[in-house]
Amino acid sequence: MTTTKGPRDALVTGMGFCLPGRTAPTATPEQFWTAVAHGDSFLAQDDGTYFGSVPLDPGSVAARLPEIPPRFVEKYSDIHLYGLLALLEACEDASLDWRAGALGEAAVLAGRNATADAIVDTYLPVLLADTRNISPREARSVLFRNVLNAVMSDVETTQAGLVGATGPSYTLSCGCASSSVLLGNAARMIAAGETEIAVVTGADYWRESRLRQYAELEARSVTGSEPQTATLVDEPMRPYDQRAAGLNYGNGAATLILESRAHARRRGARSYGRLLAQTTTRNAQPNLALDVEGTGAVRAARSCMAGIASPDEIDYVNGAATGDRAFNLMEGNIMPAIFGERAARLPVTVQEAVFGHSGAPLGVVGVAATLQMMGHGHIAPTANCEKPADVCTFDPVPGTQGRPARIDLALSLNYTIGSVASAILLGGADD
């Protein structure tokens, strides 16, 4: 490894979540790690459906945010509340007093997967409104929610407004790689001196009732014998497993706080680790077909490591398989292309079966899980993987125990249908 310490290094100093949990949302880094470390899963619902639900009470959210009038909180959709709650937890974890202006000059960046549900739920009331009889109060509510969701669709708008941020602020959408790409953007802003501190959030929302209809429509569209992605609602997702048949969706948000080393030192902040590099690529697909060979992801990983570390120095990879055969095959091709024969012994795990396939939060979730593993010296297992599939050319760490291991350098991968790929190189807190 050729990296050296510098004042403009991007350190991760805070984590916060609003993800599926057992009886309440997974919110703190401790709750997150407890679930990930043991390969727990929060997807089974009482009615037999498998979906990562995050129920919220706007009244309890309003109680935590007295700065926002309750009439405004009522107009926020679930996705905005997810983002606000994840931000609050990350600030508390990082010991940042946003009420005192600690994020006044921060960059506030949010990733979205452009899910239709968040848009449809707020745009339909506009189309169906009885403009002759609707009250002024009801009209304002409908229009306010529409602007936040169907037009702007920006979680960072509510976050930046809450903390009074004046730094760079925008939403990026490139599917499941969105927040991973944003982490790289934030690190480059810090390295260039554009900001000292950045908030990066991934948030997404799916309506459970529509997933069953989507799954049925999807099943009718499948032809041929090629591996297909599939939406599952009646059985659990099993990444890297012989029985992998598809993915369960999940709602929620995840936030990371990134700071320059100099800024973190000035305020005595502790660090989870360092973001050493990030690269985004796209395979030259002419459409939304999946890059089963993984050439784009391989190119992203090699570019990310170039000049910093060799493949032989990577101790762990956080993968991006969703629980279907197509992505299992893809990662089965990716790992030996990057690591050669060493891939067979390399631990590669994912956390999607813990919280569900949440879209935009996945990049933050993968980095947070990897940094937690580095700090605890423990490789978390792949949740719901019990019988590794033959296409796994790597060690998916099946079961629920995981294993102790020293992780000095790690890769976190994300990619999408449409062949956008992101790779992040991570180093420990002492690097």
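The analysis underlying the following values was restricted to heavy atoms, covering all of them including side chains, and did not include hydrogens, waters or symmetry mates.
Cys385 SG to Arg243 CZ: the interatomic distance, rounded to the nearest 0.5 Å, is 8.5 Å. Between atom CG of residue Asn333 and atom CG of residue Asp291 there is a gap of 9.0 Å, rounded to the nearest 0.5 Å. The distance from the CG atom of Leu109 to the CG atom of Leu256 is 11.5 Å, given to the nearest 0.5 Å. Distance check, rounded to the nearest 0.5 Å: CG of Leu329 to SG of Cys392 gives 10.0 Å. Here the CD1 atom belonging to Ile190 is positioned 8.0 Å from the CG atom belonging to Leu11, to the nearest 0.5 angstrom. To the nearest 0.5 angstrom, Arg188 atom CZ is 5.0 Å from Gln278 atom CD.
When only modelled atom types and interatomic distance are considered, Thr322 and Asp324 share a side-chain donor-acceptor pair under 3.5 Å. Side-chain atoms of Gln351 and Asn318 include a donor-acceptor pair closer than 3.5 Å. A side-chain donor from one of Ser260 and Glu196 sits under 3.5 Å from a side-chain acceptor of the other. Side-chain contact, Thr201 with Gln159: a donor N or O sits under 3.5 Å from an acceptor N or O.
Side-chain N or O atoms of Glu331 include one that pairs as donor or acceptor with a backbone N or O of Ala320 at under 3.5 Å. The main-chain N or O of Thr280 is never found under 3.5 Å from a side-chain atom of Ser422 such that the two would form a donor-acceptor pair. Side-chain atoms of Thr393 come within 3.5 Å of backbone N or O of Gly332 as a donor-acceptor pair. When atom types are taken as modelled, the side chain of Thr281 and the backbone of Gly296 share a donor-acceptor pair closer than 3.5 angstrom. Using a distance-only test at 3.5 Å, with no hydrogens or angles considered, no donor-acceptor pair links the side chain of Asp315 to the main chain of Ala410. One N or O on the side chain of Ser41 and one on the backbone of Ala353 form a donor-acceptor pair closer than 3.5 Å. At distances below 3.5 Å, at least one donor-acceptor pair connects side-chain atoms of Ser179 with backbone N or O atoms of Val364. Side chain of Asn248 to main chain of Met237: a donor-acceptor pair is present (N/O by atom type, distance under 3.5 Å, no hydrogens or angles). Checking side-chain atoms of Asp9 against main-chain N and O of Arg261 turns up no donor-acceptor pair under 3.5 Å. Within the 3.5 Å criterion, the main-chain N or O of Val155 finds a donor-acceptor partner in the side chain of Thr158.
With Phe32 as the partner, the ring pair (Phe, Tyr, Trp, His ring centres under 6.0 Å) test is satisfied by one option alone out of Tyr272, Phe355, Phe42: Phe355. No option in Leu56, Val61, Ile68 other than Ile68 meets the side chain to side chain contact (heavy atoms under 4.5 Å, CB included) test with Tyr76.
Residues passing the ring pair (Phe, Tyr, Trp, His ring centres under 6.0 Å) test with His376 are Trp33, sequence neighbours excluded. Checked against ring pair (Phe, Tyr, Trp, His ring centres under 6.0 Å), Tyr240 has the following partners two or more places apart in sequence or in another chain: Phe394.
Salt bridge status for Arg64 with Glu89: present, with a side-chain N to carboxylate O gap under 4.0 Å.
Summarising the local packing, CD of Glu386 is surrounded by more than 12 heavy atoms from other residues, nucleotides or ligands at distances under 6.0 Å. Counting non-hydrogen atoms of neighbouring residues, nucleotides and ligands closer than 6.0 angstrom, the CD atom of Gln45 exceeds 12 such neighbours.
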